[in-house]
Structure formats: C-alpha cells, structure tokens
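Worksheet for the structure shown next.
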Amino acid sequence: MQELLAGYRRFREEIWPREQARFEALAAVGQSPKTMVIACSDSRVDPQMIFAAAPGDMFVVRNVANLVPPYMPDAAFHGTSAAVEFGVRVLGVQELVVMGHALCGGVTALLEGTPPEAGDFVAGWISIAARARDVALRCDIPDQRQEVGEHEAVRISLANLMTFPFVAEAVAAGRLALRGAHFGVATGRLVLLQPDGSFAPP
Ligand SMILES: [Zn+2]
C-alpha cells in the first residue's frame, strides 16, 4: 500500500492540478467516450497509456486474455458482456477495439494448460478461445504459436461481439466500428487487424 500511496501523492501533486478542470467538467456533464477498448488484465498493457488517452476518452474493460464470450443473456454473471452492453447501448461508443498483446499468459495457458491453482475460473474463461489453440498448434513454427494464438483470440472476440444483437445492429447501421489490435510488450509497437485477416502496423 505504501507504493500505491506514494503514487497517489504524485497524482495529487503533479497530475491533479493539470487535469482538475477536465475531471470537474466530466463530473458535471458525465462521460461520453467515443471509444471502447477490451484489453487484457496484464499489468504491461494499459490502454490509456498506450493510446496516450485522457480521462473521459475511453471506456475500458480488461479481463484475462481480452476475451469476449458469445452473447448469452442468462442468469450467470457476465462482467464483460455487461460492459459491452453499457458501452454500446448506453454510451453509444463509435469504435470498439479488442487489443491483444505479446506474452499473454492467458493464451499461454490455452496452449500449455492452465496452472492448477487457476482451475476454478481461468480454465473455463479461456475456453472461449479454444479455437485459437487449434489454430496455433497448426502453425509449423513452434516459436510463432504464442503470437498466432494471441492474434486468433482477438479474431474470436470480434466474432463473438457480432453475436450480440445490438452490436451487430450498430455495426450494420454504421454507428459502430469493430477493430482488432495487438501490442508488442517488448517493442512498444501496435499492429492492427486488416480486412484480409492479417495484422499490420497502422
Ligand atoms: Zn494477456
């Protein structure tokens, strides 16, 4: 907690004076971010830092391996689906970015098995991207399987987003664009999913 509080003091001393007016305006009129980002919980891939975004700019949900489950409006607790519903239906975001990343532990677990102590929830959660495992294992170059799996996990999340009727409607009406991205932790470089299914620099 001491490290957190030291950071909080720096926030109060250095950032808050600079950003106070923005926060006050956002408090008065509410948030209206144009972009939603679904990213991994990994501590190295903070969307707000990568996109140099300000408070109020992005509606963000982070989870293990940046996955979106298929549309399943049942009685289970769907945190990510709730965020998608809020972002798309209530906030009316215009762009929704699924951002995968290099060295993703969730994808590693998919390829190599879930750590035994993470069997209650992680194993079931990452099974959303089970198909990414099949695609990755078909890659002839073992060193590339991790990245192939990470890219495929992004494609699966985007495909699952389109199973949400209100997402498909918004996309069809031109009110919402879905994008895929992948961030290189060691390189700091972002690549974007292209119409042909490949990933390339912006
Ligand atoms: Zn990850």
Side-chain angles (χ1 to χ4, degrees), residues 4 33 35-53 57-70 72 77-84 86-87 93 95-139 141-164 167 178-194 197-202:
L4 290 184
T35 305
M36 175 167 180
V37 180
I38 297 171
C40 186
S41 300
D42 191 299
S43 58
R44 301 164 292 184
V45 293
D46 176 2
Q48 191 158 331
M49 176 181 277
I50 291 166
F51 295 108
D57 284 352
M58 295 191 317
F59 188 68
V60 176
V61 59
R62 296 175 71 175
N63 63 43
V64 173
N66 41 267
L67 296 176
V68 178
M72 286 187 293
F77 299 118
H78 293 292
T80 296
S81 302
V84 170
F86 195 81
V93 296
E95 201 152 42
L96 202 170
V97 182
V98 175
M99 184 175 74
H101 70 99
L103 312 170
C104 183
V107 172
T108 305
L110 201 57
L111 298 180
E112 298 176 5
T114 311
E117 62 273 33
D120 286 356
F121 298 106
V122 172
W125 174 252
I126 62 174
S127 74
I128 292 168
R131 203 180 73 225
R133 180 176 192 276
D134 303 338
V135 171
L137 292 182
R138 281 202 297 274
C139 176
I141 305 163
D143 284 355
Q144 291 181 1
R145 285 179 186 155
Q146 171 80 21
E147 187 172 274
V148 168
E150 289 159 3
H151 286 175
E152 190 62 17
V154 170
R155 296 188 193 97
I156 290 168
S157 288
L158 290 168
N160 284 345
L161 277 168
M162 287 299 280
T163 67
F164 288 65
V167 171
L178 303 186
R179 315 267 186 217
H182 182 271
F183 179 72
V185 171
T187 64
R189 294 194 186 280
L190 192 76
V191 287
L192 299 181
L193 182 59
Q194 305 296 312
S198 67
F199 281 79

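Every number for a ligand or one of its atoms is a count from 1 in the order of the listing. Position 1 is the first residue of the sequence, and the numbers go up from there.
Counting only protein N, O or S atoms, 3 lie closer than 2.8 Å to the Zn ion (ligand 1).
Using a 4.5 Å heavy-atom threshold, the side chains of Cys104 and Asp42 count as separate. Side-chain contact between His151 and Val154: absent, with no pair of heavy atoms (C-beta onward) separated by less than 4.5 Å. Counting heavy atoms from C-beta outward, Phe164 and Val68 have side chains that approach closer than 4.5 Å.
Within 6.0 Å of the CZ atom in Arg189, the count of heavy atoms belonging to other residues, nucleotides or ligands does not exceed 12.
Between Val84 and the choices Asn160, Ile38, Val61, the side chain to side chain contact (heavy atoms under 4.5 Å, CB included) rule is met once, by Ile38. Just one residue in the list Gln146, Glu152, Arg145 forms a side chain to side chain contact (heavy atoms under 4.5 Å, CB included) with Cys139, and that residue is Arg145.
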